[in-house]
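Below, read A as the first sequence line, B as the second, and so on, with proteins coming before strands; counting in each chain starts at 1.
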Amino acid sequence: MSKPAIATTSLAGCFGCHMSILDIDARILELIDLVDFDKSPIDDIKRFSRTCKVGLVEGGCCNEENVEVLREFRRHCEILVSLGDCAIMGGIPAMRNMVPLEECLDEAYRSGPTVYNPSGEIPGDPEIPLLLNKVYPAHEVVKIDYHLPGCPPPAETIWQALVALLEGRPLDLPYELIKYD
Amino acid sequence: MNETSTRRIVIEPVTRVEGHGKVTILLDEQQQVRQARLHIVEFRGFERFIQGRPFWEAPVLVQRLCGICPVSHHLAAAKAMDRIVGVDRLSPTAEKMRRLMHYGQIFQSHALHFFHLVSPDLLFGFDADPTVRNIVGVARKFPELAKQGVLMRKFGQEVIRATAGKKIHGTGAIPGGVNKNLSIAERDALLEEAEPMLEWSLAALKIARDYTLEHQSELADFAAFPSSHMCLVRPDGGLDLYDGRLRAIDADGEVIFDQLDDQRYSEQIVEEVRSWSYMKFPFIRDLGPEKGWYRVGPLSRMSACESIETPEAEKARREFIDFAGGRPSTLSMAYHWARMIELLHAYEKVIELLDDPDLQGDELLLRGERREEAVGIIEAPRGTLIHHYRVNADDQITMANLIVSTTHNNEPMNRAVTGVARRYLSGATITEGLLNRVEVAIRAYDPCLSCATHAMGQMPLVVTLVGPDGEVIDRRSRP
């Protein structure tokens with residue numbers, strides 16, 4: 001029987017949640033015996049090759065590309081998990097929701113103290129994706145099955161959740177592993 | 001093709017990629033490579049949305065730019081805020097706790113990059129099957145090495161936890177000092193875990209060194225080019241990753257500026273905006289955007305510093321300098337060797353600090369006369385990291401300027417990709433070999449595209465070939 005697959009992605013996150021996955025340390029070597037990593041930055045596989053048992057999503061959606069990738073994850077994952085505060089509620093990147101996007105771009109590309117921009121042009125080449133007006137949590141874009149809070153969620157939380165989901169057990173994490181910070 | 005239809009092509013699922021980084025190769029009339037562009041496709045807006053927040057939040061808030069080296073942002077922001085609260089010199093306990101945190105960070109970040117990301121390229125070769133050429137492949141074929149890599153990263157993370165309270169996005173540094181010292185129990189646990197790290201660090205250094213020496217002629221023709229370099233140095237020109245003054249040298253090793261007070265960085269550094277990337281292009285003001293670009297990070301630090309204070313790393317640095325013929329190295333791929341010298345240095349500094357009784361001191365926090373504006377600069381794993389803030393009388397941040405390590409390397413990474421494209425593009429088709437080499441060249445810089453656009457990034461997933469009229473000739477991405 002082939003091993004179950006898992007997939008991970010970082011949208012408008014900082015990769016801290018992925019680093020927390022790696023903080024399971026030596027158990028990562030155990031994990032790669034239990035599952036195949038499908039599409040994931042950890043193994044550099046960029047396209048889904050099959051249906052995955054579990055998908056872990058770090059970060060909310062700040063541009064059209066994030067939305068596209070998140071929808072692709074929903075299509076290819078039986079269980080989709082919002083991993084960490086950015087996926088769950090937008091997190092720190094969603095602080096820009098309090099400010100018009102134009103002002104954020106203006107600060108970065110026109111009025112900052114070391115900006116050199118004689119034309120005053122803001123990056124907008126067709127090769128770079130359109131920014132969304134706001135940063136959206138994952139569950140406002142697709143259905144999300146589980147939420148693991150924390151910034152990032154502790155490695156132990158990720159490990160226990162992942163093992164339970166892969167074994168088809170209900171997610172029943174002890175109180176100490178649910179952290180909000 | 002008008003702009004609207006062009007934009008639609010880019011977002012079609014077939015051509016779309018997971019994002020964060022992609023490459024376009026532009027051809028001229030003779031089908032020769034005119035330029036290659038590494039597009040950084042994410043934008044966060046930290047500089048603006050942090051305005052209005054209380055200044056003491058900056059070290060914990062801004063580190064959320066990047067979960068790969070959050071300590072760097074944590075400390076750069078804290079260094080700026082030290083000055084805001086009027087502290088130019090921390091208590092010995094506070095400074096040493098911060099340094100310990102930083103060297104732990106350098107150790108974990110360099111180990112992560114070398115073992116998890118780069119070792120597959122070096123061990124399997126650039127053209128190996130991408131489904132094998134990854135950390136899972138390394139774990140299967142070289143289990144002992146993979147285990148060492150995992151445990152080395154873990155050691156760095158444990159140092160961070162002991163100093164910052166948490167492995168990722170900790171809270172140890174606060175304006176004017178730190179919020180904890182190191183207990184004897186924490187110290188002893190780290191010393192015990194440190195036991196095999198020297199041997200493993202030397203072994204990793206040997207892999208990177210031997211690889212560079214064995215592939216010398218090949219690498220001289222692979223993304224190699226002369227450039228200026230910038231980093232912080234001590235007053236005597238020695239390496240210091242936590243604090244110092246700015247030095248820049250040109251491709252011949254001649255000084256462009258030296259011992260520049262970090263508070264005055266903006267006299268020398270400016271950033272050009274280009275329409276095709278959210279990441280700006282820094283350059284040295286007087287030299288202009290054409291000639292003023294430079295590299296930062298391990299290669300630059302090894303090229304621009306005059307000594308390293310720890311013995312094993314100094315020995316390794318001298319060998320590196322001899323290899324480069326006493327001049328700044330031109331090889332993008334020599335970053336790996338330089339990075340492993342710093343891994344060794346970070347280990348030596350961690351051990352030296354753990355033996356220092358100042359870490360058990362209880363003077364954690366100082367205060368002075370409040371200031372309105374300050375700069376904090378640190379040598380992060382990937383290079384010079386600049387944070388600059390203004391704070392009003394109500395303690396609110398009114399201006400933030402962040403120039404992160406990977407941004408300094410924007411022009412060099414584009415040049416590296418252009419070099420690879422010129423060398424390996426034949427005809428008008430993007431081959432698997434070219435795709436691999438583009439990735440390997442960019443990876444040498446350990447780009448944290450997350451930091452750079454104040455967003456996260458990965459390897460470019462799609463390479464597009466564009467003719468002189470703007471038509472797309474070929475497009476290829478990793479399956």
Pick whichever of [options] has the most heavy-atom pairs under 4.5 Å with chain B.
options: A:Asn97, A:Leu101, A:Val99; answer: A:Val99
options: A:Asn117, A:Asp106, A:Thr114, A:Val115; answer: A:Thr114
options: A:Pro93, A:Gly91, A:Gly112; answer: A:Pro93

Review point. Of all the residues in residues 77-90 of chain A, which have a heavy atom that comes within less than 4.5 Å of a heavy atom in chain B?
Key: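 If one takes a 4.5 Å heavy-atom cut-off, no residue of residues 77-90 of chain A lies near chain B.
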Check your understanding: Just checking heavy atoms, which of residues 149-158 of chain A are less than 4.5 Å from chain B?
Key ->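 The list, in residue order, reads A:Cys151, A:Pro152.
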Review point. More than 12 heavy atoms of other residues, nucleotides or ligands under 6.0 Å from CZ of A:Arg71: is that the case?
Key: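 No, because the 6.0 Å sphere around CZ of A:Arg71 holds 12 heavy atoms or fewer from other groups.
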Review point. Would you say A:Glu167 has more than 12 foreign heavy atoms packed within less than 6.0 Å of its CD?
Key: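 Atom CD in A:Glu167 is packed in, count exceeds 12.
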Review point. With no hydrogens and no angle check, is any side-chain donor or acceptor of A:Tyr109 less than 3.5 Å from a backbone partner on B:Tyr278?
Key: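 Checking the backbone N and O of B:Tyr278 against the side chain of A:Tyr109, a donor-acceptor pair under 3.5 Å is found.
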Interatomic spacing from [atom1] in [X] to [atom2] in [Y] - rounded to 0.5 Å:
X: B:Lys147; Y: A:Asp25; atom1: NZ; atom2: CG; answer: 12.5 Å
X: B:Gln108; Y: A:Leu22; atom1: CD; atom2: CG; answer: 9.0 Å
X: B:Arg48; Y: A:Met98; atom1: CZ; atom2: CE; answer: 11.0 Å
X: B:His169; Y: A:Cys17; atom1: NE2; atom2: SG; answer: 7.5 Å
X: A:Glu127; Y: B:Leu38; atom1: CD; atom2: CG; answer: 12.0 Å

Specify which of [options] makes the most heavy-atom pairs with chain A at under 4.5 Å.
options: B:Arg37, B:Arg274, B:Arg285, B:Lys166; answer: B:Lys166
options: B:Glu272, B:Gln63, B:Arg153, B:Lys167; answer: B:Arg153
options: B:Ile50, B:Val270, B:Ile168; answer: B:Ile168

Review point. Do you know which two heavy atoms are closest between A:Ile32 and B:Arg140, and how far apart they sit?
Key: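 Heavy atoms only, the tightest pair is O-NH2, 3.0 Å.
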Point to revise | Atom of B:Gly67, atom of A:Met19 and distance for their closest heavy-atom approach | key: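 Smallest interatomic distance, heavy atoms only, reads O-CG, 3.2 Å.
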Could you check whether any side-chain heavy atom of [X] comes within less than 4.5 Å of a side-chain heavy atom of [Y], counting everything from C-beta outward?
X: B:Phe43; Y: A:Cys104; result: yes
X: A:Glu107; Y: B:Gln51; result: yes
X: A:Pro113; Y: B:His388; result: yes

Can I get a per-line list of side-chain donor-acceptor pairs under 3.5 Å for residues 128-136 of chain A, giving both atom names and the distance, sequence neighbours left out?
from, atom 1, to, atom 2, distance (Å)
A:Asn133, OD1, A:Tyr136, OH, 2.8

Taking side chain as everything from C-beta outward and backbone as N, CA, C, O, which of these in [X] sits under 4.5 Å from a heavy atom of chain A? Side chain, backbone, both or neither.
X: B:Phe281; answer: neither
X: B:Thr24; answer: side chain
X: B:Pro289; answer: side chain
X: B:Ile269; answer: backbone

Practice item. Give a yes-or-no answer on whether the side chains of A:Asp23 and B:Gln157 include a donor-acceptor pair shorter than 3.5 Å. Key: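 There is such a pair (donor and acceptor under 3.5 Å, judged by atom type) between the side chains of A:Asp23 and B:Gln157.
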Review point. Which is it for B:Val273 and A:Tyr116 under the side chain to side chain contact (heavy atoms under 4.5 Å, CB included) test, yes or no, and what are the steps along the way?
Key: CA-CA 6 Å; B:Val273 178; A:Tyr116 172 82; over 6 Å; no
Point to revise | Partners passing side-chain contact (heavy atoms from CB on, under 4.5 Å) against A:Met95 (at least two apart in sequence or in another chain) | key: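 For A:Met95, the residues satisfying side-chain contact (heavy atoms from CB on, under 4.5 Å) (neighbours in sequence not counted) are A:Ile92, B:Phe49, B:Arg53, B:Leu61.
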